Amino acid sequence: MLQGLTSDDYQLVLPTILRRAETLYQNQEIVTRRPDKSFHRYTYVDFIARAKKFALALKDLGVEPGDRVGTLCSNHYQHLETYFGVPSGGAVVHTINPRLHEDDLAYIVNHAEDKVLLVDEALLSVYESFREEVNVEHVIVVSESGEDIPDGMLSYEDVLSGADEGDFSYPEIDEKQAAAMCYTSGTTGRPKGALYSHRALVLHAMMANMSNVFGFNDSDCILPIVPMFHVNAWGLPFSATLAGAKQMMPGAHLDPASILEDFEQEKVTFTAGVPTVFMGVLQTLDEEPEKHDLSAMRAIVIGGSAAPKSLIEAYKERHGVTVIHAWGMTEMSPIGTVANLKGELEQLPEEEQLEYRSKQGYPVPFIEIRAREDEGSLVPWNDEAMGELEVSGPWVSKAYYNAPEEDEEFTEDGWFKTGDIVSIDEQGYINIQDRDKDLVKSGGEWISSVQLENALMAHAAVAEAAVIAIPHEKWDERPLAVVVLKEGESATEDDLKSHLAGDFAKFWLPDAVEFIEEIPKTATGKFLKKELREQFEDYQFAQS
Ligand code: ADP
């Protein structure tokens, strides 16, 4: 074989992004909303110096290459520092969703074997809820004041001040080494860990910056509303830093008024989040359209759940803002498809263009897709035939972290089975039609139907229980529990809700319980959720 004569040993690692940024974009700004709503501003020079200090400090704390450093943090500059500081020292930054139930949090921290945990001062109570169950060596508190750090914990600022960035030199890192990790909900079992390599994250960042994806550049100001614990804020901190873009971090201030203020004041050109957030923002915009100026905004990326066509249309028609609908998964770092308009479709009438923009989009470069019917054959790309979407590409998981038993989600030839039922049109745009996984997605967060069902069926009066997702205007989906009582037993909706209350996060609790005679079942006795969903097709919650 004639070998190429290019530098194929050049390692695609996150420090290459940092080195580029520190030589080319020193003066670019990063702005954060502090907890008290005031603004913290600094430049890439400061950011990178502090990221390096954190890498050094972790080493002093005994963190070695490959060790996991957990974060329980909102979107702010310190979290950005860990995104780069942790992997630049060779360790793995493990972002954790603080909205999960304490049992899941403890499980995740233990399963990942987090050695250090970085916790926002405002989220210390979350840590307290599971601290007895875990065994981390150091807890570092992110606090603007640096005061009142609980005994036995370290202050992030103190940790940094003990290090001198001049002592930092980039270690040799293999691009296949792990850089970041994130857990996703299991339908039945425990959360599962996706472990991202440096190479996956670098290629993902480069992909995002292509003009037919998001196309960030150094004139942009990017504000991730999607939390940094939610699949690396969809990779935005990495792609924004690669592009040398200004970054605006909203902290914990995610109410529409604060977000709109940030958009205008910092001239945000690009933002991203789940539909629920942008419905709230739209409502505020609609109430006082003349009060807000979104002229700087190039596009809003909406994903995580289906963005309604009416939402995409409303932003364009009423506020002149383009919505880019995107689909992805934790197992895909996360971006898979993006609904930009292909060049040849730009000639179509507006209404038809909107049809394409409302789908989940066509695969981004290096992601390959196919969909398979129940019988095993691949479906044609004709916009009608439906099948389970399978994906492959350089940032798609090939296994879960330390979970060899979880291999049924991968095909024999190594593609990942998404659990999303789609049709694919002739242009390659996917349309998600259904979900083949027992989960409800509420405001971008997962709720496991199966776990709720098991808990309901543990109630003495319950014979059978099934939990299904009901479309919801604000949260996209909310859980409905459908229950069959044992003969001669009784229980009210309130009885069952309070039975669940202690064991699940509050937002997991079903909005309503409906009592029926029998749950439809397959020949083998499994719940026929599809039929149940049809039965409750027009269901509306009394109040939410
Ligand atoms: P994320 O929420 O960041 O996309 P998750 O791994 O939590 O990542 O969830 C992935 C799942 O969310 C997908 O398999 C799909 O069911 C659903 N999903 C994500 N984006 C969309 C979308 N644009 N439309 C419909 N469903 C979506």
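Since the model is a prediction, treat every value here as computed from it, not as a measurement. Atoms within a ligand are numbered from 1 in the order they appear, just like the ligands themselves.
Looking only at protein heavy atoms, the nearest one to atom 7 (O) of ligand 1 is Trp446 NE1, 2.9 Å. Taking atom 25 (C) of ligand 1 as the reference point, the nearest protein heavy-atom neighbour is Ala306 N, 3.2 Å. Of all protein heavy atoms, the one lying nearest to atom 12 (O) of ligand 1 is Lys441 NZ, 2.9 Å.
Of the charged side-chain nitrogens involved, at least one lies within less than 4.0 Å of a carboxylate oxygen, so that Asp286 and Arg318 count as a salt-bridged pair. Ion pairing between Lys309 and Glu351 holds under the 4.0 Å rule for side-chain N and carboxylate O.
Remark: ligand 1 atoms within the under-4.0 Å shell around heavy atoms of Ile432 are 25 (C), 26 (N). Within the listing of ligand 1, atoms 5 (P), 6 (O), 7 (O), 8 (O) sit less than 4.0 angstrom from a heavy atom of Thr330. Ligand-side atoms of ligand 1 in range of Val231: 3 (O), range being under 4.0 angstrom from any heavy atom. Heavy-atom proximity to Ala326, at under 4.0 Å, picks out these atoms of ligand 1: 20 (N), 22 (C), 23 (N). Close contacts of ligand 1 with Lys437, meaning ligand atoms under 4.0 Å from a residue heavy atom, involve 13 (C), 14 (O), 16 (O). Distances below 4.0 Å separate heavy atoms of His325 from the following atoms of ligand 1: 22 (C), 23 (N), 24 (N).
The proximity of Gln360 to ligand 1, defined as any non-hydrogen pair under 4.0 Å, is limited to the side chain. Counting heavy atoms under 4.0 Å from ligand 1, residue Ser305 touches it through the backbone alone.
Of the N and O atoms on the side chains of Asn97 and Glu445, at least one donor lies less than 3.5 Å from an acceptor on the other residue. Residues His76 and Asp120 bring a donor and an acceptor atom of their side chains to less than 3.5 Å of each other. For Gln247 and Tyr77, the side-chain atoms include no donor-acceptor pair closer than 3.5 Å. Between the side chains of Ser442 and His472, not a single donor N or O lies within less than 3.5 Å of an accepting N or O. With no hydrogens or angles considered, no side-chain donor-acceptor pair links Asp503 and His101 at under 3.5 Å. Side chains of Thr269 and Arg298: a donor-acceptor N/O pair is absent below 3.5 angstrom, by distance only.
Heavy atoms only, all atoms of each residue included: Phe84 and Ser88 are closest at O-OG, 2.7 Å.
Annotation: cation-pi geometry satisfied between Lys359 and Tyr356 (NZ/CZ under 6.0 angstrom from ring centroid, within 45° of ring axis).
Looking at Thr418 next to ligand 1, no N or O pair under 3.5 Å apart turns up. On a distance-only criterion, Gly304 and ligand 1 share at least one N/O pair closer than 3.5 Å. For ligand 1, the polar-atom distance check finds an N/O of Gly328 within less than 3.5 Å of one of the ligand's N/O atoms. The shortest N/O to N/O separation between Ala307 and ligand 1 does not fall below 3.5 Å.
Taking only non-hydrogen atoms, the option from Val226, Asn232, Asp420 nearest to atom 15 (C) of ligand 1 is Asp420.
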